[in-house]
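Counting starts at 1 for both ligands and their atoms, in listed order. Just so it is clear, the model here is predicted, and its values are computed rather than measured.
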Amino acid sequence: MNNQINTIGVLTSGGDAPGMNAAIRAVVRAGNFYQKKVIGIYEGLQGLIDNNMAALSSRSVKGILNRGGTILKSSRSEEFRTMEGRQKAYGNLKKNGIDALLVIGGDGTFTGSKIFSEEFDFPIIGLPGTIDNDLFGSDFTIGFDTATNVVVQCVDKIRDTAESHNRLFFVEVMGRDSGFIALRSALASGALDVVLPEESAPMEDLFAELEKSVHNKKTHKLVIVAEGNKWGNAFFIAEQVRKKYPELESKVTILGHLQRGGDPSCTDRVLASRLGVAAVEGLLKGKRNVMAGLIDNKVKFTSFSEAISRKAILNDELLRISKILAI
Ligand code: F6P
């Protein structure tokens with residue numbers, strides 16, 4: 001174990017994700033287990049610049065394993081993109097005696113961390129914390145399972161009313177530029193179609209699915225729309241469908257930030273706990289500039305460069321199955 005590291009800083013950055021608290025708890029307790037001091041940095045990378053930090057103890061992270069959000073708060077720092085901001089951040093790390101950082105976030109967080117780590121030769125390890133599941137180097141990101149469960153619960157409720165009125169519903173879900181949430185929740189909620197950012201099919205494909213569902217006498221018609229898809233938002237798509245099929249009564253629901261809240265699922269708590277401990281142990285073994293992830297249920301470290309530059313690929317099999325089952 002590396003004795004150079006006595007004090008570890010931990011922060012959450014970017015869009016919050018259920019399970020971030022479980023990851024903070026794991027980092028603090030694993031750090032304490034190895035006799036390291038852990039300092040929590042508030043409001044993400046911005047907190048480094050503002051010197052907004054306080055020591056955390058194993059007891060101060062009690063009761064957070066099951067809570068959504070992040071006790072450390074989060075931000076998307078513009079100032080950290082500047083050299084001046086990063087210099088202030090480095091000065092504050094030195095002032096507080098922090099020897100290494102564990103950052104919980106998504107690609108924006110890792111991009112900033114990689115630059116910082118290289119500029120100041122500072123050890124950093126990342127934990128994938130985003131509902132989007134869009135990071136190369138981990139089969140699942142912390143928060144994704146909870147978010148997809150929230151979507152499925154909401155779509156189940158929408159189905160009840162869709163069924164009662166024979167209505168078509170377009171449900172827009174998050175995922176910025178990736179369709180992981182959309183695809184998984186479409187399969188789990190029995191949607192008749194899913195509109196993904198990764199696909200370049202024409203809108204006629206959706207029209208064909210709708211006609212098939214009318215022909216097959218489906219009484220509810222649910223279409224999951226990923227926010228980053230190439231056609232437009234759910235209102236725009238619904239409008240195009242209304243123009244073509246005025247006889248189909250359609251409604252739009254945007255699930256929005258609902259998807260980021262709530263108690264983390266068991267899967268996310270376990271994932272966050274495993275990755276929190278792995279990140280501390282990785283750091284003490286001398287790893288740096290990498291993201292801790294889970295691949296085939298085993299902890300693996302992937303360089304920040306790869307995690308940022310390579311694209312997490314959707315599982316084609318899920319798409320194929322959801323098309324078969326939407327009949
Ligand atoms: O990255 C997580 C995420 O929830 C995306 O799915 C979404 O596009 C984005 O954050 C929304 O960001 P904000 O909360 O800053 O509007």
Check your understanding: When clusters are formed from ILVMFWY side-chain contacts under 4.5 Å, directly or step by step, what else is grouped with I41?
Key -> L11, I39, L45, L48, I49, M53, F80, M83, Y90, L93, I98, L101, V103, F110, F116, F120, F122, I124, L135, M291, F304, I308
Check ligand 1 for close polar pairs with the protein: N or O on both sides, less than 3.5 Å.
from     : atom 1 : to   : atom 2 : distance (Å)
ligand 1 : 1 (O)  : D132 : OD2    : 3.1
ligand 1 : 1 (O)  : R176 : NH2    : 3.4
ligand 1 : 4 (O)  : R260 : NH1    : 2.8
ligand 1 : 6 (O)  : D132 : OD1    : 2.7
ligand 1 : 6 (O)  : D132 : OD2    : 3.4
ligand 1 : 6 (O)  : G175 : N      : 3.0
ligand 1 : 6 (O)  : E227 : OE2    : 3.4
ligand 1 : 8 (O)  : E227 : OE2    : 2.5
ligand 1 : 10 (O) : R76  : NH2    : 3.1
ligand 1 : 10 (O) : R260 : NH1    : 3.1
ligand 1 : 12 (O) : R76  : NH2    : 2.9
ligand 1 : 14 (O) : H257 : NE2    : 2.8
ligand 1 : 14 (O) : R260 : NH1    : 2.9
ligand 1 : 14 (O) : R260 : NH2    : 3.0
ligand 1 : 15 (O) : R76  : NE     : 3.2
ligand 1 : 15 (O) : R76  : NH2    : 3.2

Point to revise | side-chain hydrogen bond (donor to acceptor under 3.5 Å, both in side chains) between R242 and S250, worked out | key: CA-CA 7 Å; R242 257 179 231 129; S250 66; 3.1 Å; yes
Point to revise | Residue pairs passing the salt bridge (Lys or Arg N to Asp or Glu O under 4.0 Å) test where at least one lies in residues 245-261, sequence neighbours excluded | key: D16-R260, R167-E249
**Study point:** Evaluation steps, salt bridge (Lys or Arg N to Asp or Glu O under 4.0 Å), between K114 and E118
**Key:** CA-CA 6 Å; K114 177 181 179 292; E118 287 167 358; 3.1 Å; yes
Review point. So, D145 and R269, do they make that salt bridge, N to O below 4.0 Å?
Key: no
Review point. Cluster partners of I115, using ILVMFWY side-chain heavy atoms under 4.5 angstrom, listed by chain and number?
Key: none
